[in-house]
Trainee: 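My structure is below; once you've seen it, I'll send some questions.
Chain A is the first sequence line, chain B the second, and so forth, proteins listed ahead of strands; every chain is numbered from 1.
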There are 2 protein chains.
Amino acid sequence: MKYSLSEENYLKAIYHLEKIAATGVATNAIAEQMETKPSSVTDMVKKLSEKDLVNYIKYQGVTLTEKGRKTALTIIRKHRLWEVFLVDKLNFHWDQVHEIAEQLEHIHSEELISRLDKFLGEPDFDPHGDPIPDKHGNIKRTEKKLLSDLDKNQGGVCVGVKESSAEFLQYLDKKKITIGTKIKVLGKEFFDGSMVILVGKDQSFISKKTAENLYVQTN
Amino acid sequence: MKYSLSEENYLKAIYHLEKIAATGVATNAIAEQMETKPSSVTDMVKKLSEKDLVNYIKYQGVTLTEKGRKTALTIIRKHRLWEVFLVDKLNFHWDQVHEIAEQLEHIHSEELISRLDKFLGEPDFDPHGDPIPDKHGNIKRTEKKLLSDLDKNQGGVCVGVKESSAEFLQYLDKKKITIGTKIKVLGKEFFDGSMVILVGKDQSFISKKTAENLYVQTN
DNA sequence: ACAATATTTTAGTCTTATCTAAAATTTAAT
DNA sequence: ATTAAATTTTAGATAAGACTAAAATATTGT
Ligand SMILES: [Mn+2]
Ligand SMILES: [Mn+2]
Ligand SMILES: [Mn+2]
Ligand SMILES: [Mn+2]
């Protein structure tokens, strides 16, 4: 029931990779995500398989079992709740909280998380717009599109970021874009996918890469 | 500058033992406190000595260096601040917070602790009445006596507990004693050190052992 | 003073989580 | 269909932290 820091981090990594991989998650992919070597991944994956947290067939990659998925989701729940705490209560900026939450997510105490959740007002989303699983691992799914998928004259509200590195978040600050910001596409360049957008009352130019990392809810 | 969980726990243990030991802290004493074996202690103490955190001479026990003492105090500061958070903000009871704080004290982030401290109103004492070191490791010393040292008809306010196991704290709850409770010694039995005391408006009987674990500030 | 006892250290082993180098397997290219 | 290249696994090594059993040192009792 209680897993090591390392095991928990592997489960989280596999969970995130599973969302984008069609087939089983590759050893190399996990190694890259975890900043470790493929041989280390093989070792750990065997151990997780022993504990019935992943399905593993040699050379075929891994998938999470139901147990593994549930476990990953509780860690993600903790991570995101702590991020809300750091931003809402301690006034951290949204680009400063991820590293600290990486540590806090490994604190073992159901009671703590239950009380923290209440203290924070049972939030549905973390500071980056990512959904917070409930205690049973259920995630509230919402309609959201990448800004890059909007056409000219379409508009919406920024509801999340796909990538949430400090660099990107700080760049968004410079552009006056944050969760809740109203955005409208004024122009879209077919050549490079760059856009001219309306941010509040001001016009702004953003690259395709930026547009591909911003989630909006259309109206 | 950043130490492992194990190293931090040893430093903390040595710090607490040094306060009561006249001479260097004995290997056996550390082993008992840490619930580990003396041979493991010897190994760790050598490592801490390498890192200039303790002074160690074979067969002579250990003492903390200035660096080691400062490090121990920052961990204790974190532990106690988190305990305040758990009680004041998450409404945990004072007998439930120690185990969780044992985990939280190892989160590495100066900024986090600085902000947590402000968020909590820069408290001077934790839920058990223990002083919270400031960021430089300075502890606010206060006048306090063990209840067992008071004479008949002397009174005071409960300002802390010496032992803070859940069992003892729950027993104090039953006796309606907590931090801030006014206590007066009505009678003291020389035979076994037991006392009849006034707790608020009610009379109560307590053993010597209990009286020896309650700190009061006399008035 | 000297034997008996207690404490502490050393030597060697174990587990977890890593790594490198080499072998096995799969996938891609001709 | 072979060969070349990429991926994955195995084998063996290392480091941290813990343990047991045995040796070394210190303390105590007579
Ligand atoms: Mn994060
Ligand atoms: Mn987040
Ligand atoms: Mn405590
Ligand atoms: Mn305390």
Trainee: Which residue, A:Q60 or A:T36, contacts DNA chain C at a nucleotide closer to its 5' end, judged by nearest heavy atom?
Mentor: A:T36

Trainee: Decide, yes or no, whether a salt bridge links B:R80 with B:E83 under the criterion of side-chain N to carboxylate O below 4.0 Å.
Mentor: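 Not counted as a salt bridge, because no side-chain N and carboxylate O are separated by less than 4.0 Å.
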
Trainee: Among C:dT9, D:dA18, D:dT10, find the nucleotide with the atom closest to the side chain of B:M44.
Mentor: D:dA18

Trainee: What's the closest nucleotide to the A:Y59 side chain, out of D:dA18, D:dT8, D:dA24?
Mentor: D:dT8

Trainee: A:Y3 has an atom OH; how far is it from atom P of C:dT16, in whole Å?
Mentor: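 Going from A:Y3 (OH) to C:dT16 (P), I get 15 Å.
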
Trainee: Would one find a side-chain N or O of A:K58 under 4.0 angstrom from OP1 or OP2 of C:dA24?
Mentor: no

Trainee: Any idea which of C:dT18, C:dT9, D:dA18 is nearest the A:Y10 side chain?
Mentor: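 Closest nucleotide among those given: C:dT18.
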
Trainee: Considering only NZ, NE, NH1 and NH2 on the basic side and carboxylate oxygens on the acidic side, decide whether B:K12 and B:E105 come within less than 4.0 Å.
Mentor: yes

Trainee: Distance check needed: C:dC19 P versus A:E35 CD, whole Å only.
Mentor: 11 Å

Trainee: Once the angle between the rings of A:H98 and A:H79 is folded into 0 to 90°, is it parallel (under 30°), tilted (30 to 60°) or perpendicular (over 60°)?
Mentor: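 Because their plane-to-plane angle lies in the 30° to 60° range, the rings of A:H98 and A:H79 count as tilted.
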
Trainee: Could you tell me how far apart A:I57 (CD1) and C:dT26 (P) are, to the nearest whole angstrom?
Mentor: 12 Å

Trainee: Nearest whole angstrom, please: distance from the C1' of C:dT8 to the CD of B:E32.
Mentor: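 The distance from CD of B:E32 to C1' of C:dT8 comes to 15 Å, rounded to the nearest Å.
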
Trainee: How long is the line joining CD of B:E50 and P of D:dA16, in whole Å?
Mentor: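 These atoms are roughly 11 Å apart.
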
Trainee: Strictly below 4.0 Å: does A:S39 bring a side-chain N or O up to OP1 or OP2 of C:dA21?
Mentor: no

Trainee: Indicate the ring-plane relationship of B:W82 and A:W82, choosing parallel, tilted or perpendicular according to the 30° and 60° boundaries.
Mentor: perpendicular

Trainee: Let me know the distance between CG of A:D43 and P of D:dT10, rounded to the nearest Å.
Mentor: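 It works out to 9 Å between those atoms.
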
Trainee: To the nearest angstrom, how far is A:E8 atom CD from C:dT16 atom P?
Mentor: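 The distance from CD of A:E8 to P of C:dT16 comes to 16 Å, rounded to the nearest Å.
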
Trainee: If the cut-off is 4.0 Å, is A:K46 near the phosphate of D:dT10, judged by side-chain N/O to OP1 or OP2?
Mentor: yes

Trainee: Just the rounded figure in Å: distance from C1' of D:dA16 to NZ of B:K51.
Mentor: 10 Å

Trainee: Reckon A:T42 has a side-chain N or O less than 4.0 Å from the OP1 or OP2 of D:dT9?
Mentor: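 For D:dT9, OP1/OP2 do have a side-chain N/O of A:T42 under 4.0 Å.
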
Trainee: Does C:dA6 have OP1 or OP2 under 4.0 Å away from a side-chain N or O of B:N28?
Mentor: no

Trainee: I'd like to know if the side chain of A:S194 reaches the main chain of A:E189, judged simply by a donor and an acceptor atom lying under 3.5 Å from each other, with no hydrogens or angles considered.
Mentor: no

Trainee: Is any side-chain N or O of A:T27 closer than 4.0 Å to OP1 or OP2 of D:dT7?
Mentor: no

Trainee: Can you tell me if the side-chain N/O atoms of B:S6 get under 4.0 Å from OP1 or OP2 in D:dA16?
Mentor: no

